[in-house]
Amino acid sequence: MNKMSLEQAISQYLKNLGAEEQQEVLEFARALFLSKHKGVPGQSLLSFAGSIDQKDAELMRQAIERDCEKITHDDW
């Protein structure tokens, strides 16, 4: 199947889905896209080691513990 006919087929299916289902397709497509784009090797980030001072690092650690370790049961 060539690219255009593939896009047309996907589009045809999307037209027959409700808004909520279309949102799910969008989220899936976005996740699929992002999974293909990996970051950089850690070795190339070593030049940034130590660039955040201790006070700022502690503030970030506290914010992460306070805000990011919560479980929202009705969220995906």
**Request:** Return the set of residues passing salt bridge (charged side-chain N to carboxylate O under 4.0 Å, His left out) with R61 (not counting sequence neighbours), or none when no residue passes.
**Result:** E58, E65

**Message:** Tell me whether L26 at atom CG has more than 12 heavy atoms from other residues, nucleotides or ligands lying less than 6.0 Å away.
**Reply:** yes

**Request:** For S35, check side chain to side chain donor-acceptor pair (under 3.5 Å) against everything at least two apart and list the hits.
**Result:** none

**Item:** Partner residues of L34 under the side-chain contact (heavy atoms from CB on, under 4.5 Å) criterion, sequence neighbours left out
**Value:** R30

**Request:** Could you tell me which residues satisfy ring-ring contact (aromatic ring centres under 6.0 Å, His included) with F33, sequence neighbours excluded, listed by chain and number?
**Result:** H37

For a quick test of your reading: what N or O donor-acceptor pairs under 3.5 Å do the side chains of residues 41-48 make, sequence neighbours left out?
from: S44; atom 1: OG; to: P41; atom 2: O; distance (Å): 2.7

**Asked** More than 12 heavy atoms of other residues, nucleotides or ligands under 6.0 Å from CD of Q62: is that the case?
**Response** yes

**Request:** Would you please name every residue forming a salt bridge (charged side-chain N to carboxylate O under 4.0 Å, His left out) with E24, sequence neighbours left out?
**Result:** none

**Request:** Keeping to residues at least two apart or across chains, list the salt bridge (charged side-chain N to carboxylate O under 4.0 Å, His left out) pairs with something in residues 10-21.
**Result:** none

**Complete:** Residues passing the side-chain contact (heavy atoms from CB on, under 4.5 Å) test with L14, sequence neighbours excluded, are I10, L17, Q22, V25

